[in-house]
S.K.: 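My structure is below; once you've seen it, I'll send some questions.
The chains referred to below are lettered A, B, ... by the order of the sequence lines, with proteins before strands, and numbering in each begins at 1. Everything quoted here is computed from the prediction, not taken from an experiment.
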Number of protein chains: 2
Amino acid sequence: MSVDKVDTRYLETLVGYNARRAALRIIEAFIARMAVFDLRPVDFSVMSLIHHNPGITSRQLCATLGILPPNLVGMIGALEKRGLIQRERHRIDGRAMSLYATPEGTALMQQAEHEASALEVDQTGRLTAAERRTLMRLLQKVYL
Amino acid sequence: MSVDKVDTRYLETLVGYNARRAALRIIEAFIARMAVFDLRPVDFSVMSLIHHNPGITSRQLCATLGILPPNLVGMIGALEKRGLIQRERHRIDGRAMSLYATPEGTALMQQAEHEASALEVDQTGRLTAAERRTLMRLLQKVYL
DNA sequence: TATTGTTATACTCTATAACTATA
DNA sequence: TATAGTTATAGAGTATAACAATA
């Protein structure tokens with residue numbers, strides 16, 4: 001026999017389960033609304049960090065976002081090919097590459113971040129501003 | 001030039017970013033501590049739902065957990081092969097399969113859920129019990 | 001000797017199309 | 001005609017090993 005209504009009460013006591021479900025919900029909406037910019041969540045994160053940290057290296061991006069170096073190479077290459085970022089050999093450490101947003105990349109990210117922030121408010125519409133701040137603070141207490 | 005310290009302040013204003021980081025942190029610990037039971041997060045979720053919903057169908061599992069049917073088949077097959085669950089043809093709807101935890105599966109899940117709950121407390125050690133309840137409630141307000 | 005970036009490659013996860021048995 | 005489960009397969013995401021250039 002099937003069950004009338006699925007009892008999910010146990011899983012809902014787990015922070016990991018709830019955080020994953022919430023993240024997937026928001027990311028789903030993010031993908032849909034960021035399609036006009038042709039930016040996946042990971043591309044957005046990478047571009048945002050370069051935008052706010054001119055000269056950041058690939059290694060620093062990997063460490064910050066938890067991306068493995070081999071998996072970043074293609075993304076960086078694609079963003080450079082699109083004219084959104086520029087790569088320069090690091091002035092002091094010749095092994096590293098410094099990354100910069102181009103004027104086109106900067107303009108794109110100003111729009112994209114504005115849209116992302118608007119989307120966040122939409123997706124968390126059932127939360128008050130205070131609850132939203134609390135949620136952020138508690139999540140950071142978990143992973144930072 | 002690389003940057004001294006990476007500025008992540010903008011990304012940290014996004015619920016999606018924070019929820020994903022927190023979820024990944026907890027899931028990482030989950031994978032490590034559930035290895036003794038040979039249960040990945042998805043296996044744990046599936047087994048837990050079967051455990052608490054005797055007779056649940058594959059379709060109901062898919063709808064509840066957001067898994068696509070073709071991707072559930074192999075998991076169910078593996079769990080059955082391990083003797084943790086039993087599949088029976090649904091008594092009324094001959095197309096569906098009703099799923100039940102075996103005594104072995106039930107015993108395993110009692111241990112596994114106990115361990116998962118303990119792990120949750122460890123991973124959210126920087127939160128008070130009240131904060132943990134608040135976090136859960138706010139996350140559910142986002143995705144439910 | 002260690003680190004940055006890179007290539008190649010394997011592995012896992014997720015998604016799509018099409019089939020069968022039943023409703 | 002629609003749905004539950006299944007098969008095969010494609011695509012995206014993530015991981016490991018090894019290498020060249022530089023520290």
Side-chain angles (χ1 to χ4, degrees), chain A residues 1-3 6 20-21 23-25 27-28 30-32 34-35 38-46 50 55-81 85-100, chain B residues 1-3 6 20-21 23-25 27-28 30-32 34-35 38-46 49-50 53 55-81 85-100:
Chain A
M1 296 279 274
S2 61
V3 293
V6 179
R20 177 147 201 277
R21 296 303 299 255
L24 288 176
R25 168 68 60 96
I27 289 167
E28 183 183 19
F30 189 97
I31 291 171
M34 287 297 151
D38 195 16
L39 292 175
R40 297 167 303 164
V42 64
D43 299 316
F44 177 89
S45 299
V46 167
I50 296 173
I56 191 172
T57 66
S58 295
R59 165 72 34 173
Q60 287 178 310
L61 278 177
C62 286
T64 305
L65 295 174
I67 301 172
L68 291 171
N71 299 330
L72 184 67
V73 175
M75 301 181 212
I76 292 294
L79 294 172
E80 189 184 28
K81 202 170 181 181
I85 63 169
Q86 232 180 328
R87 299 193 314 160
E88 286 180 19
R89 185 61 65 183
H90 193 284
R91 294 176 198 163
I92 295 155
D93 187 338
R95 297 168 301 182
M97 301 295 289
S98 296
L99 305 172
Y100 300 90
Chain B
M1 294 280 276
S2 61
V3 294
V6 178
R20 176 148 201 275
R21 296 303 299 253
L24 287 176
R25 168 67 61 97
I27 289 168
E28 184 183 19
F30 189 96
I31 291 170
M34 287 297 152
D38 196 15
L39 292 174
R40 297 167 304 163
V42 63
D43 299 316
F44 177 89
S45 299
V46 166
L49 286 179
I50 296 172
N53 298 273
I56 191 172
T57 66
S58 295
R59 165 70 36 166
Q60 288 179 309
L61 279 176
C62 286
T64 306
L65 295 174
I67 302 171
L68 291 171
N71 299 329
L72 184 66
V73 176
M75 302 181 209
I76 292 295
L79 294 172
E80 189 184 29
K81 201 170 182 181
I85 62 170
Q86 231 181 328
R87 299 194 314 161
E88 287 180 17
R89 185 61 66 180
H90 193 285
R91 295 175 198 163
I92 294 156
D93 187 339
R95 296 168 302 183
M97 300 296 288
S98 294
L99 305 172
Y100 300 90

S.K.: Roughly how far, to the nearest 0.5 Å, is the NE2 atom of A:His90 from the CZ atom of A:Arg59?
M.R.: 13.5 Å
S.K.: What nucleotide among C:dA15, C:dA21, C:dG5 has an atom nearest to a side-chain atom of B:Arg95?
M.R.: C:dA21
S.K.: Heavy atoms of chain B, cut-off under 4.0 Å: which first and last nucleotide of DNA chain D, 5' to 3', fall inside that, if you could look?
M.R.: D:dA2 to D:dT14
S.K.: Does OP1 or OP2 of C:dT22 have a side-chain N or O of B:Arg59 closer than 4.0 Å?
M.R.: no
S.K.: Within the side chain of B:Asn53, is there an N or O that forms a donor-acceptor pair under 3.5 Å with the backbone of B:Leu49?
M.R.: yes
S.K.: Between atom CZ of B:Arg95 and atom OG of B:Ser58, what is the distance when rounded to the nearest 0.5 Å?
M.R.: 13.0 Å
S.K.: Using atom CG of B:Asp43 as one end and atom P of C:dT12 as the other, report the distance to the nearest whole Å.
M.R.: 13 Å
S.K.: Can you tell me how far apart CZ (A:Arg87) and OG (A:Ser98) are? Round to the nearest 0.5 Å.
M.R.: 11.0 Å
S.K.: Nearest-Å distance, NE2 (B:His90) to C1' (C:dT22)?
M.R.: 13 Å
S.K.: On DNA chain C, check which nucleotide each of B:Val42 and A:Ser58 is closest to and give me the residue with the more 5' one.
M.R.: A:Ser58
S.K.: Using a 4.0 Å heavy-atom cut-off, does B:Asp93 contact any base of the nucleic acid, only the sugar-phosphate backbone, or nothing at all?
M.R.: sugar-phosphate
S.K.: Which value, rounded to the nearest 0.5 Å, describes the distance between A:Leu24 atom CG and A:Arg21 atom CZ?
M.R.: 7.5 Å
S.K.: Starting at the 5' end of DNA chain C and moving along, which residue's nearest nucleotide shows up first, A:Asn71 or B:Gly94?
M.R.: A:Asn71
S.K.: Using side-chain heavy atoms (C-beta onward) and a distance below 4.5 Å, is B:Leu79 in contact with B:Leu99?
M.R.: no
S.K.: Tell me the interatomic distance from B:Met75, atom CE, to C:dA15, atom C1', rounded to whole angstroms.
M.R.: 13 Å
S.K.: Using the side-chain contact (heavy atoms from CB on, under 4.5 Å) rule, pick out the option among B:Thr57, B:Thr64, B:Leu61 that qualifies with A:Val6.
M.R.: B:Thr64
S.K.: Please give the angle, rounded to 10 degrees, between the axes at the start and the end of the helix from C:dT1-D:dA23 to C:dA23-D:dT1, where five pairs define each axis.
M.R.: 10°
S.K.: Measure across A:Met75 and A:Val42 and return the closest heavy-atom pair with its distance rounded to 0.1 Å.
M.R.: SD-CG2, 3.7 Å
S.K.: Counting C-beta onward and ignoring hydrogens, is there a side-chain heavy-atom pair between B:Pro41 and B:Ile31 closer than 4.5 Å?
M.R.: yes
S.K.: When the distance from CD of A:Gln60 to C1' of C:dG5 is rounded to whole Å, what number comes out?
M.R.: 14 Å
S.K.: How many angstroms lie between CD1 in B:Ile85 and CD1 in B:Ile56, if you round to the nearest 0.5 Å?
M.R.: 11.0 Å
S.K.: With the side chain of A:Thr57 defined as its heavy atoms from C-beta on, choose the nearest nucleotide among C:dT6, C:dT4, C:dG5.
M.R.: C:dG5
S.K.: So if I take residues 62-70 of chain B and measure heavy-atom distances to DNA chain D, which residues fall below 4.0 Å?
M.R.: B:Pro69, B:Pro70
S.K.: Measuring from B:Ile76:CD1 to B:Asp43:CG, what's the distance to the nearest 0.5 Å?
M.R.: 9.5 Å
